[in-house]
Amino acid sequence: MILKIALLAGDGVGPEVLAQSVKCLNAVEETFNHHFIFKEAPIGAIAIDKNGTPLPDTTLKLCQESDAVLFGAIGDPKYDNDPDAKVRPEQGLLQLRKALGLFANIRPILSHPTLLDKSPLKKKVINGTDFVIYRELTGGIYFGEKKLNEEGTKASDLCEYSEEEISRIAHLAFKAAKGRKKKLTLVDKANVLESSRLWRKVVTRIGESYPEVALDFLFVDNAAMQIILNPKQFDVILTENMFGDIISDEGSVIGGSIGLLASASVGEENALFEPIHGSYPQAKGKDIANPIASILSAAMLLEHFGLNEEAWAVKKAVDKSLKKGIVTPDLRENSQYGTNQVGDFIAHNIVDIEDDTLMNDENIDLGKSTII
């Protein structure tokens, strides 16, 4: 298969983790006889510095002409600490999602058996957790009309949804649940918000077309609590933009590190894949950022195009890195492995995923991860 992939490294550790994803895709390309054409473009703070805008026209054009987008991270402290900034890096990603019609964000939440000790939650609570969040991505309060009075003392953000916006992501979520454990939970605030009541009405009606899927509802405050108390109860969670943003980050505590969580943002014609962590500017250039979320995002890219065997090979290589302890310091406090070494290890093991006999464990413990 030939795929054109736009690389938007962005800010902070984005370029470092994205480079590891490319390594892994190059390994897939070589092993499975595919051809991936990579082209880079700026977005975020780096694009503001160079072009005065977080999403240059050339970047958008590249994404529109590509089969998929692989994204790094976005954000910079100089904008975070300036409440009066009129142009912000995050605006570039929001504009890109809207321009590409990426209305559904898909975020798997898994507990890894070898990392149960890394979560602040009890093992018995999180062991076996496997659910996915479907977050609506181009509507709601993030895209609604924003107002600030002349005195700067009163502000508002409009949360607005149409039946069409709700319906299209609801169908995707029900189809996903149909192929999983056949349960869908709508997370909303229907006791207070009119927009949430519309969500319930539309999703309930659509649910009648999927009789094999059990549908239930949770208010977002209760859902946030239940994700911590009993995450294994969930299969597919469907929710609106802001609620999904919040609870998917909350889900990162289950895996033990936000550096493990991948995501896909899809629309009718376009798709973008990214780790859910931020730009982590404190780690920029230090070779300590966890690349696994970015690598697993590349695996989701492969799955999106039906390359399931290839995606499985990437995931198994990641599993091996976790099992062997070839991880960055966020997962193993005294780890000697950096971002690049972890990426190298995973990429090398995509080829010989089943062959543990060729691994020199002594050298791995010494931080060399030699394959012989």
Side-chain angles (χ1 to χ4, degrees), residues 4-11 14 39 41-48 51-76 79 85-107 133-148 155-173 195-196 198-199 202 238-246 248-249 262-276 278-279 297 300-301 304:
K4 297 178 181 179
I5 302 174
L7 301 178
L8 307 188
D11 308 317
K39 290 189 177 180
I43 192 171
I46 189 172
I48 296 175
N51 305 93
T53 174
L55 181 63
D57 291 341
T58 52
T59 298
L60 177 58
K61 187 173 186 292
L62 172 64
C63 295
Q64 291 171 329
E65 294 175 349
S66 299
D67 296 305
V69 179
L70 199 55
F71 189 86
I74 204 165
D76 190 283
Y79 297 98
K86 300 300 182 184
V87 179
R88 296 179 178 275
E90 293 79 8
Q91 293 170 346
L93 183 55
L94 293 177
Q95 292 167 10
L96 182 63
R97 289 170 177 169
K98 197 76 170 181
L100 296 181
L102 306 177
F103 62 84
N105 183 247
I106 305 165
R107 297 188 176 186
I133 298 172
Y134 274 69
R135 166 193 170 193
E136 201 288 324
L137 203 58
T138 57
I141 199 167
Y142 290 172
F143 290 93
E145 182 183 4
K146 305 180 188 310
K147 294 182 179 179
L148 180 68
S156 66
D157 298 275
L158 177 65
C159 181
E160 187 173 56
Y161 271 107
S162 68
E163 182 174 339
E164 179 184 0
E165 288 174 312
I166 298 168
S167 177
R168 60 187 182 182
I169 189 172
H171 278 291
L172 288 182
S195 57
S196 284
L198 179 62
W199 270 85
V202 174
L238 170 63
T239 192
E240 60 96 62
N241 204 342
M242 183 171 68
F243 295 160
D245 191 6
I246 295 167
S248 57
D249 279 10
S263 76
S265 299
V266 302
E268 297 292 345
E269 298 179 359
N270 300 288
L272 179 148
F273 304 86
E274 63 176 314
I276 79 164
S279 59
S297 296
M300 293 185 77
L301 183 155
H304 180 75

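Side chains included, hydrogens not; waters and symmetry mates left out as well; all remaining heavy atoms used. Treat the numbers as computed from the prediction; the structure is a model and nothing was measured.
- The distance from the CG atom of L272 to the CG atom of L8 is 7.0 Å, given to the nearest 0.5 Å.
- Remark: the backbone N or O of G244 is paired with a side-chain donor or acceptor of S248 at under 3.5 angstrom.
- Interatomic distance, L137 CG to R97 CZ, rounded to the nearest 0.5 Å: 4.5 Å.
- Residues forming a side chain to side chain donor-acceptor pair (under 3.5 Å) with S162 (at least two apart in sequence, or on another chain): E165.
- Residues meeting the side chain to side chain donor-acceptor pair (under 3.5 Å) test with H171, sequence neighbours left out: Y210.
- Partners of S263 by side chain to side chain contact (heavy atoms under 4.5 Å, CB included), not counting sequence neighbours, listed by chain and number: N105, R107, E274, I276.
- Partners of T138 under the side chain to side chain donor-acceptor pair (under 3.5 Å) rule, at least two apart in sequence or in another chain, are E136, R168.
- Taking K146 as the reference, D157 meet the salt bridge (charged side-chain N to carboxylate O under 4.0 Å, His left out) condition, with sequence neighbours excluded.
- The list of salt bridge (Lys or Arg N to Asp or Glu O under 4.0 Å) pairs with a residue in residues 55-71, not counting sequence neighbours, reads K61-E65.
- Partners of Q64 according to the side chain to side chain contact (heavy atoms under 4.5 Å, CB included) rule, which considers only residues two or more places apart in sequence or in another chain, are L60, L100.
- Listed by chain and number, the residues in a side chain to side chain contact (heavy atoms under 4.5 Å, CB included) with T58 are P56 (sequence neighbours excluded).
- E90 is linked by a side chain to side chain donor-acceptor pair (under 3.5 Å) to nothing, counting only residues two or more places apart in sequence or in another chain.
- Considering only residues two or more places apart in sequence or on other chains, Y142 meets the ring pair (Phe, Tyr, Trp, His ring centres under 6.0 Å) condition with none of them.
- With hydrogens and angles disregarded, a donor-acceptor distance shorter than 3.5 Å links the side chain of D11 to the backbone of I46.
- Applying the side chain to side chain contact (heavy atoms under 4.5 Å, CB included) rule to S297 yields the partners A262, F273, P275; only residues at least two apart in sequence or on another chain are considered.
- Annotation: salt bridge (charged side-chain N to carboxylate O under 4.0 Å, His left out) contacts of E160 (sequence neighbours excluded): none.
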